[in-house]
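See below for the structure under consideration.
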Amino acid sequence: MDVYKLRTSDWAEKPLERARFEEETKMQPPWYVNNDKMGKSCFAVCPGCDNPIQIIGFYQKARHTDKPYAQHVPRSVSRLATYRQEAFNFCPYAAPRRYDPEGRRSETDPLGDKILDLLVQHFDRVVFILEEDTGIKITTGLAEDMLHHYRSRAGHLYMGATLQNVPWVFAYMTLSNSLMGRRIPGDDALLEAIEKKVPGAVINWERKQVTWKAKGTFVELNYCFIHHRTRHSDDTLKESMSMVVSHGRDNTTVYRKNITFDRVRFKRLINTPEERARRPRQKELVALAESILGRRKTVGITR
């Protein structure tokens, strides 16, 4: 992997840069440890599973690459991180994988609590990112339905959930929702597909809204999120999922969009001062998340 964090209490991943790592750690334990060869070994924490990792290539060239990289170490590192095998088994940085949507980590895993805290504290920003990525306006009523879905499925314990992919896994852990009556201001291609393929639906192009051709008619038009996947490219983690829009009882696919997780964008959004944000904080959404998920604590954020 090409990222790290310094402490289990941090959440933001950082690129592997020797000068930055030296500045942050001051070359002190527990990040620097003398090894048996009278040299120094560098350790940090995996952003995905909170297990210890060792950084290779800062001071001696690695065998097969000119770039430094980090790898998991199957043991605890004193004062840094406790090794947990279950967390490693499902870490997206450990290996590319398709996750079982129903796979859950133990309720005692501390990572689940941290994910829940981060989601609640920044729920309005989660909604903002999902609106941009899906093109769909998330009303308060829709947000409430999604929160109930997430809670009922214990989404914070999903094996593929990390502190970096909170917005997208929140959506992935929700159930199918109707698009009828909804505004879709950010995806004209989706509106065009609905207009062309869904009898009984009509598009109000001025409002970018899906409506009914005739009052009292029923049109089944739903969307959901499926196929959460991870892959590695040049030691860099890539994550994605699909948004699928379907019509009718046979769930005929009307539209499909691949959504790539932009973890850097999520980090920037959380770290943006409120006075410089593109959209003011929506405290009512944070309060809604707190009322349904029941947590709001201070989460360590590395700026």
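A side chain to side chain donor-acceptor pair (under 3.5 Å) with Asp124 is found for one member of Arg279, Lys283, Arg281 and no other, namely Arg281. Screening Trp31, Tyr4, Phe43 against Phe21 for a ring pair (Phe, Tyr, Trp, His ring centres under 6.0 Å) leaves a single residue, Tyr4. With Arg20 as reference, Glu24 is the one residue of Glu22, Glu23, Glu24 to meet the salt bridge (Lys or Arg N to Asp or Glu O under 4.0 Å) rule. Shown are Tyr158, Tyr99, Tyr150, Phe261; of these, the ring pair (Phe, Tyr, Trp, His ring centres under 6.0 Å) with Tyr172 is made only by Tyr158. Checked options Arg183, Lys137, Arg182; the residue passing with Glu131 is Lys137 (criterion: salt bridge (Lys or Arg N to Asp or Glu O under 4.0 Å)).
Remark: the Trp168 side chain and the Asp133 side chain contain an N/O donor-acceptor pair separated by less than 3.5 Å. For the residue pair Gln85 and Asn89, a side-chain donor N or O sits within less than 3.5 Å of a side-chain acceptor on the partner. Side-chain contact check for His228 and Glu239: at least one donor-acceptor pair (N or O, by modelled atom type) lies under 3.5 Å. Using a 3.5 Å distance cut-off with no hydrogens or angles, the side chains of Thr211 and Asn204 do not pair a donor with an acceptor.
Annotation: the span from Arg263 atom CZ to Lys267 atom NZ amounts to 11.5 Å, rounded to 0.5 Å.
Remark: Arg18 CZ is packed, more than 12 non-hydrogen atoms of other residues, nucleotides or ligands lying under 6.0 Å away. Other residues, nucleotides and ligands place no more than 12 heavy atoms under 6.0 Å from the CD atom of Glu107. Atom NZ of Lys196 has 12 or fewer heavy atoms from other residues, nucleotides or ligands within 6.0 Å. For Glu102, the CD atom is densely surrounded, since the number of other residues' heavy atoms within 6.0 Å is greater than 12.
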Subject >> Working for salt bridge (Lys or Arg N to Asp or Glu O under 4.0 Å), residues Lys67 and Asp2 >> reply: CA-CA 9 Å; Lys67 298 191 302 182; Asp2 62 351; 5.9 Å; no
**OP:** Would you check, one step at a time, whether the test ring pair (Phe, Tyr, Trp, His ring centres under 6.0 Å) holds for Phe123 with Phe170?
**Re:** CA-CA 10 Å; Phe123 185 64; Phe170 170 73; 5.4 Å; yes
Subject >> Steps toward side chain to side chain contact (heavy atoms under 4.5 Å, CB included) verdict (Thr230, Lys238) >> reply: CA-CA 6 Å; Thr230 66; Lys238 307 290 186 183; over 6 Å; no
**OP:** For Tyr93 and Gln71, run side-chain hydrogen bond (donor to acceptor under 3.5 Å, both in side chains): C-alpha distance rounded to whole Å, both residues' side-chain angles, the deciding distance at 0.1 Å, then the answer.
**Re:** CA-CA 9 Å; Tyr93 294 90; Gln71 63 184 19; over 6 Å; no
**OP:** Take Asp187 and Lys208 through the salt bridge (Lys or Arg N to Asp or Glu O under 4.0 Å) test and state the conclusion after the steps.
**Re:** CA-CA 9 Å; Asp187 194 338; Lys208 301 291 183 75; over 6 Å; no
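Note: the hydrophobic cluster containing Val3 does not contain Phe88 (ILVMFWY, side chain heavy atoms under 4.5 Å, direct or indirect links). Leu157 and Leu118 fall into different hydrophobic clusters, defined by Ile, Leu, Val, Met, Phe, Trp and Tyr side-chain heavy atoms under 4.5 Å apart, directly or through other members.
In this structure, Ser41 and Gln54 have side chains that are in contact, with non-hydrogen atoms separated by less than 4.5 Å. For the pair Pro74/Tyr83, a side-chain contact is recorded, criterion being any heavy-atom separation below 4.5 Å from C-beta on. For the pair Leu269 and Ile129, the minimum side-chain heavy-atom distance is below 4.5 Å. Side chains of Ile259 and Phe225 form a contact here, defined as non-hydrogen atoms less than 4.5 Å apart.
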